[in-house]
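Working notes, beginning with the structure itself.
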Amino acid sequence: MNISQLKKLATAALLSVGLCASQASLAQSASCKYVVGNSWGGGATASIEITNTGTSAINGWNVSWAYVNNRISGSWNTTLSGSNPYSAANLSWNGSVQPGQTVSFGMQVTTNGAVEIPVVSGAICRAASSTASSTRSSVMSSSLSSSARSSSSSIRSSSSSLLSSSIRPSSSSSTSACSGVQQCNWYGTLYPLCATTQSGWGYENNKSCISRTTCMSQPSPFGVMGGACVPSSSSRSSLSSSSVRSSISSSRSSSISSRSSSSVSSGGLTSVELTKRMGIGWNIGNSLDAIGGETNWGNPLITQQLINSVKAAGFKTIRLPVAWSKFSNEQNFVIQSAWMDRVEQVVNYALNADMYVVMNIHWDNGWMQPTYAQQNYVNNRLTIMWSQIATRFSNYDDRLLFAGTNEVMVDGDYGTPTPEYYTVQNSFNQTFVNAVRATGGKNATRHLVVQGFNTNIDHTVNFAVIPTDTVSNRLMMEVHYYDPYNFTLNTSSNITQWGSIATNPSATETWANESYTDAQFQKMKTNFVDRGIGVILGEYGVVSRLNVSGHETYRNYWNEYITKSAYTHGMVPVYWDNGFSGDGGMALFDRNNGNQLYPNLIQAIVKADD
């Protein structure tokens, strides 16, 4: 069907809204965009974004495109077929696209010259277009003529007037009788409405959902979208279909602007403001970061019950260390969909409990060596992997934060980094930010966490460079704290007491006491928090010494003091829990059932934000 025929169809529909065939034709339509994320000599990453611009759900999609000289070497989040032209079809979890919603899939491209931006076609692509989101790419432009674009724009404008009337209650003190497919617009992100969960967040049909009452508590223009509702007499509703259409249009325009602008102004919380809400955190250590699989280091599978127990104990943030490489292709670094599914399931466990989540690429078998010899390799691999991860989670709200790496250092070298080491490590942080921002969606303004060299406070203050970003006030810095080592981690040491309450000088270090701790954390406040960069204390803790009499008293005191000092200096303290409860372990909870193993220690930690 050509542009002229589509224009006639749209005009006929406007003259007679009762023509069901015309309405159905325009009800299912999408904007299909080819977006270049990052490019380097000989290669690039790209994605195709499918945005439902119609008025009914799209159930299944298949798109096609072709290059002149570029070729695909890997893909994710889709079933790819063909060898130029290429076709891509949905997977089981991303085939349903609700009105206003965007799904995307990614690919690694061998460029063999300039980076191309082909036109994407398909039965649903009635508003086909291509765009590049990276100004660093050398682009071969391929687009419709100006007259065709004008006609296409006219069709989209005409079809938008065919939207059916929608009623979105802004708030309600009782339930409403509703029909049709409805979703919750949760501050700009669409989630399913829960069928059985009565309040808060739920997890139904293997997806996060929001209860109707919680969704309705949001201010306009957010809340319940789509379908038709008949509110009860006690409900306060906004019944204007035109205002709903205006809100949808405004939201789409804002999203497009965010992806194409080189300088996005964030309308949400700054990183420092967000850290004040994140409270005290807890690591799910030695689980998803275990090389070879979630249970390979002795911990059971993470469950919703465990996360609920952590939340009930008073923790507000989950740090989720993840090792991705064991579940990716060694040649092209494409991550297996099954592993991505499992990580997303655990993320949803935390979001179901209304907690913040900080998800990273952890040690991952140590491939991030900060040397000039490895710099290009690591940056290329980071780009490919973070492009996939960020694309998968692009529609999640600001409760999900990405952290680029972990404790980056040259293996075995714990000394002061050379200019080579910290320069290369700083480039890793910049690559991470670039890769995530290029994926668009909520990632255009998501809070991102970068790391100081080996997450050491002094090295961070002295050598860290804050990455250049396309949005202001959305970056955080991460450091860790395990001082003094002989007390916190060295199980062979005779240093078993700490701080002003110590009674045996021979069992106590002469440094790294309370005043030292405060001074270290003040450095982070002065150099980062006070300058608008939020700070995550991503790991800290003391191992148990079950055979040392009285050790637990000093262990509790150290954790209490470090947590309180970090929090009062504007940081988010996140306790390191490795799941091991024996001698030398750091577990707070029984991973099998969520029971508290050390209630007094847990209270010493969580009460720090009182």
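Just so it is clear, the values below take in all heavy atoms, side chains as well, and ignore hydrogens, waters and symmetry mates. Just so you know, residue 1 is the first one in the sequence shown, and it goes up from there. Because the structure is predicted, anything quoted here is derived from the model rather than measured.
Screening N429, N426, I536, V408 for a side chain to side chain contact (heavy atoms under 4.5 Å, CB included) involving Q451 leaves a single residue, N429. Residue W282 is tested with F589, Y540, W576, Y356 for a ring pair (Phe, Tyr, Trp, His ring centres under 6.0 Å); the sole match is F589. T455 pairs with exactly one of E478, E539, H480 by the side chain to side chain donor-acceptor pair (under 3.5 Å) rule, that one being H480.
One side chain, Q369 or D411, offers a donor N or O that lies under 3.5 Å from an acceptor on the other. Side chain to side chain, S581 and R591 fail the donor-acceptor criterion of an N or O pair below 3.5 Å. Side-chain polar atoms of Q304 and N308 form a donor-acceptor pair below 3.5 angstrom.
By the 4.0 Å N-to-carboxylate-O rule, D397 lies too far from K442 to be salt-bridged with it. Of the charged side-chain nitrogens involved, none lies within less than 4.0 Å of a carboxylate oxygen, so that R319 and D289 do not count as a salt-bridged pair.
Looking at heavy atoms from C-beta onward, Y349 lies out of side-chain contact with E344 at the 4.5 angstrom threshold. Looking at heavy atoms from C-beta onward, I302 lies in side-chain contact with I284 at the 4.5 angstrom threshold. At a threshold of 4.5 Å between non-hydrogen side-chain atoms, the residues S427 and Q375 count as touching. In this structure, the side chains of M359 and V322 come closer than 4.5 Å at one or more pairs of heavy atoms. Looking at T460 and M477, their side chains come closer than 4.5 Å, going by heavy atoms from C-beta outward. Residues I361 and T405 are not in side-chain contact: their nearest non-hydrogen atoms beyond the backbone lie 4.5 Å or more apart. With contacts defined as side-chain heavy-atom distances shorter than 4.5 Å, the pair V450/M476 does not qualify. Side chains of H447 and D398 form a contact here, defined as non-hydrogen atoms less than 4.5 Å apart.
Although no hydrogens or angles enter the test, the distance criterion places no donor-acceptor pair under 3.5 Å between the side chain of T295 and the main chain of P300. Although no hydrogens or angles enter the test, the distance criterion places no donor-acceptor pair under 3.5 Å between the side chain of H362 and the main chain of L320. Side-chain atoms of N454 never come within 3.5 Å of backbone atoms of M409 as a donor-acceptor pair (strictly under, hydrogens ignored). With hydrogens and angles ignored, the 3.5 Å screen pairs no side-chain donor or acceptor of T275 with any backbone N or O of M571. Side-chain atoms of Q388 come within 3.5 Å of backbone N or O of I335 as a donor-acceptor pair. A donor-acceptor pair is defined here as one N or O able to donate and one able to accept, closer than 3.5 Å; such a pair exists between the side chain of T488 and the backbone of Y482. Side chain of Y575 to main chain of M586: a donor-acceptor pair is present (N/O by atom type, distance under 3.5 Å, no hydrogens or angles). Side-chain N or O atoms of S565 include none that pairs as donor or acceptor with a backbone N or O of I562 at under 3.5 Å. Side-chain N or O atoms of N456 include one that pairs as donor or acceptor with a backbone N or O of H459 at under 3.5 Å. Remark: side-chain polar atoms of N559 are paired, donor with acceptor, to backbone N or O of R555 under 3.5 angstrom.
Separation of atoms CE (M278) and CD1 (I318) is listed at 10.5 Å; rounding is to 0.5 Å. Interatomic distance, CG of L401 versus OG1 of T317, reported as 8.0 Å (0.5 Å rounding). Here K276 contributes atom NZ and Y567 contributes atom OH; the two are 9.5 Å apart, rounded to the nearest 0.5 Å. Note: S47 OG to M107 CE = 6.5 Å, rounded to the nearest 0.5 Å. Atoms CG and OG, from D583 and S544 in turn, are 5.5 Å apart once rounded to the nearest 0.5 Å. Going from atom CG of N286 over to atom CG of D577 covers 9.0 Å, rounded to the nearest 0.5 Å.
Ring centroid separation for the pair F333 and W324 does not come in under the 6.0 Å cut-off. Residues W386 and F402 bring their aromatic ring centres within 6.0 Å.
Checked against ring-ring contact (aromatic ring centres under 6.0 Å, His included), F521 has the following partners two or more places apart in sequence or in another chain: Y481. For N329, the side-chain hydrogen bond (donor to acceptor under 3.5 Å, both in side chains) criterion is met by no residue, not counting sequence neighbours. Scanning for ring-ring contact (aromatic ring centres under 6.0 Å, His included) contacts around F327 gives W339, with sequence neighbours left out. Taking the side-chain hydrogen bond (donor to acceptor under 3.5 Å, both in side chains) definition, one finds that S325 meets it with D364, W367, R381, sequence neighbours left out. A search for ring-ring contact (aromatic ring centres under 6.0 Å, His included) contacts involving W61 returns F105, not counting sequence neighbours. Shown here are the salt bridge (Lys or Arg N to Asp or Glu O under 4.0 Å) partners of R446, two or more places apart in sequence or in another chain: there are none. Partners of D609 by salt bridge (Lys or Arg N to Asp or Glu O under 4.0 Å), not counting sequence neighbours, listed by chain and number: K316. Shown here are the salt bridge (Lys or Arg N to Asp or Glu O under 4.0 Å) partners of E273, two or more places apart in sequence or in another chain: there are none. Under the side-chain hydrogen bond (donor to acceptor under 3.5 Å, both in side chains) criterion, R545 pairs with no residue, sequence neighbours left out. In this view, F528 satisfies the ring-ring contact (aromatic ring centres under 6.0 Å, His included) rule with no residue, not counting sequence neighbours. The salt bridge (Lys or Arg N to Asp or Glu O under 4.0 Å) test applied to K525 returns D530, not counting sequence neighbours.
Residues N283 and P321 share a closest heavy-atom pair of OD1-CG, 3.9 Å. Nearest heavy atoms, S394 versus S104: OG-OG, 4.5 Å. Taking each heavy atom of N443 and A390 in turn, the nearest pair found is ND2-O, 2.7 Å. Residues G582 and L546 come closest through the heavy atom pair C-CD1, 3.8 Å. Taking all atoms of both residues into account, the shortest heavy-atom contact from I50 to A30 is CG2-CB, 3.9 Å.
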Let me see the working for N379 and T431 under side-chain hydrogen bond (donor to acceptor under 3.5 Å, both in side chains), right down to the final yes or no. CA-CA 6 Å; N379 279 322; T431 293; 2.8 Å; yes

Going through the checks in order, is the side-chain hydrogen bond (donor to acceptor under 3.5 Å, both in side chains) test met by S31 and T51? CA-CA 5 Å; S31 168; T51 301; 5.3 Å; no

As a quick check of understanding, evaluate side-chain hydrogen bond (donor to acceptor under 3.5 Å, both in side chains) for N434 and Q430, giving each step before the final call. CA-CA 6 Å; N434 292 346; Q430 185 66 65; 3.0 Å; yes

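The list of side-chain hydrogen bond (donor to acceptor under 3.5 Å, both in side chains) pairs with a residue in residues 596-608, not counting sequence neighbours, reads E560-K607.
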